[in-house]
2 protein chains.
Amino acid sequence: MLDPVDLQLLAALQRDSTLTAQDLGGMLHMSASQAGRRRQRLEAEGYIAGYRAHVSPEKLGLSVQAFIQIVMATHTAQNAKDFIRLTHTKAEIVGAWTLTGDADYLLRVYCADLAALNDLVQQVLLPHPAVSRVQSQIVMERVKPDAPLPV
Amino acid sequence: MLDPVDLQLLAALQRDSTLTAQDLGGMLHMSASQAGRRRQRLEAEGYIAGYRAHVSPEKLGLSVQAFIQIVMATHTAQNAKDFIRLTHTKAEIVGAWTLTGDADYLLRVYCADLAALNDLVQQVLLPHPAVSRVQSQIVMERVKPDAPLPV
DNA sequence: GGTGAAATCTACCTAGG
DNA sequence: CCTAGGTAGATTTCACC
């Protein structure tokens, strides 16, 4: 189980995982050994799934971010499998979910420019036999991007 | 500028930032010092925006993930400002964007259960004077969650 | 590309409730 | 007996050669 100190620790590490055990101990008013041990426990018990570098999309030239809603033509298991496979083959699709409501899939994509986004829609998504309708919504502003989980 | 090795390095660190310079050197067929120096450069030049711990939503009891589309009643600067402030005060809203198309905002939320999601919609979003319409789509399955950026 | 000092992690040990 | 704080060896980073 997690106590309030664990939650603070998770929050801190979500913001910056380079914080040392000493830093964490200072923030949470405990010794470095204690802070380090807590972190180890959170890792071992699966609360911390991993550590990742956050890359700046802008610096990579990925200036167009969009959400794409997909409606399938027919809902067969094979269609779903095919489409899921497709999402995994395209690197610019960085997230994909099945949702309740009208649309069957929501894709989150990062593209270099509008042309690349259009290519994805026109050359990859729409031609797929299982896909019936595609609606892309381009991100204009990131109001609150990639915040940590509420802990 | 980035060469193919830099891109491989970014890809590797996006998957696991605990890889040491030695690990990276082994993967990319270069010395540890060279790999470490490249990483330093990528950090200094802003390609790597930071390092974060990835926390498991399930382990935290955040079992309901949803996307919420918001239509504003009127599009004034004050409305926008108010609403943006609101998104920042609620921790369960982990992302918010303004989009092209019908909806004015897209929110990404993590909630403990459906009741918490309903509370957010009914008690927080709908009562807000600037908000006209709210449509939540609950995530049923994460087909491709949180993939690294295409590098 | 390699080396060494400084810092960090982690396992172990000791003290206190 | 369990939890907290401290210590030493091993690893890693980073500035310099």
Side-chain angles (χ1 to χ4, degrees), chain A residues 1-62 94 145-151, chain B residues 1-62 112 145-151:
Chain A
M1 276 301 87
L2 297 181
D3 64 21
V5 176
D6 289 322
L7 296 179
Q8 283 186 276
L9 220 151
L10 286 176
L13 289 173
Q14 278 190 93
R15 285 189 292 271
D16 178 8
S17 66
T18 65
L19 291 167
T20 66
Q22 222 160 33
D23 296 333
L24 293 167
M27 293 167 58
L28 303 177
H29 308 295
M30 58 168 114
S31 68
S33 1
Q34 202 65 285
R37 177 167 331 177
R38 289 219 184 216
R39 184 154 62 82
Q40 276 185 309
R41 189 172 59 88
L42 292 172
E43 289 167 3
E45 294 182 354
Y47 290 97
I48 297 177
Y51 296 96
R52 318 224 184 127
H54 260 238
V55 168
S56 160
E58 293 83 4
K59 290 292 285 185
L60 284 180
L62 297 167
V94 298
D146 289 328
L149 289 179
V151 293
Chain B
M1 276 302 89
L2 298 181
D3 64 22
V5 177
D6 289 323
L7 296 180
Q8 284 186 275
L9 220 151
L10 286 176
L13 289 173
Q14 279 190 93
R15 285 189 292 271
D16 180 7
S17 67
T18 66
L19 291 168
T20 66
Q22 224 161 28
D23 297 332
L24 293 168
M27 292 167 57
L28 303 177
H29 308 294
M30 59 167 100
S31 69
S33 359
Q34 205 63 284
R37 184 184 316 249
R38 286 218 185 216
R39 183 155 62 79
Q40 277 187 306
R41 208 196 73 217
L42 292 172
E43 290 167 3
E45 293 181 354
Y47 291 96
I48 295 176
Y51 296 96
R52 316 220 188 132
H54 258 237
V55 169
S56 161
E58 293 82 6
K59 290 291 286 185
L60 284 178
L62 298 167
D146 291 326
L149 289 179
V151 291

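Throughout, a chain's letter reflects where its sequence line sits, starting with A, and its residues are numbered from 1.
Residues A:T18 and A:D23 fail the side-chain proximity criterion, which asks for heavy atoms closer than 4.5 Å. Residues A:P150 and B:L62 form a side-chain contact, since some pair of their non-hydrogen atoms from C-beta on lies under 4.5 Å apart.
By the neighbour-count criterion of 12 heavy atoms within 6.0 Å, atom CD of A:Q22 is sparsely surrounded, having that number or fewer from other residues, nucleotides or ligands.
Of all heavy-atom pairs spanning B:A12 and B:L24, the tightest one is CB-CD2, 4.0 Å.
Summary of helix geometry: the two end axes of the helix from C:dG1-D:dC17 to C:dG17-D:dC1, each defined by five base pairs via their C1' atoms, are inclined to each other by 10° (rounded to 10°).
A donor-acceptor pair is defined here as one N or O able to donate and one able to accept, closer than 3.5 Å; no such pair exists between the side chain of B:S56 and the backbone of A:I48. Not a single donor-acceptor pair under 3.5 Å links the side chain of B:K59 to the backbone N or O of A:L42.
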Q: Would you sort out whether B:Q14 and A:R52 count as a side-chain contact (heavy atoms from CB on, under 4.5 Å), showing the intermediate values?
A: CA-CA 5 Å; B:Q14 279 190 93; A:R52 318 224 184 127; 5.7 Å; no
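Salt bridge present: A:D3 and A:R38 bring a charged side-chain N and a carboxylate O closer than 4.0 Å.
Of all the residues in residues 38-46 of chain A, A:R39, A:Q40 reach under 4.0 Å from DNA chain C with at least one non-hydrogen atom.
Distance A:Y51 OH to C:dT8 P: 16 Å, rounded to the nearest Å.
Going from atom CZ of B:R39 over to atom CG of B:D6 covers 13.0 Å, rounded to the nearest 0.5 Å.
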Q) Quick one: what's the B/S/- string for nucleotides 1-7 of chain C, heavy-atom cutoff under 4.0 Å, read 5' to 3'? A) BB-----
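Judged purely by distance below 3.5 Å, without hydrogens or angles, the side chains of A:Y47 and B:E58 never pair a donor atom with an acceptor atom.
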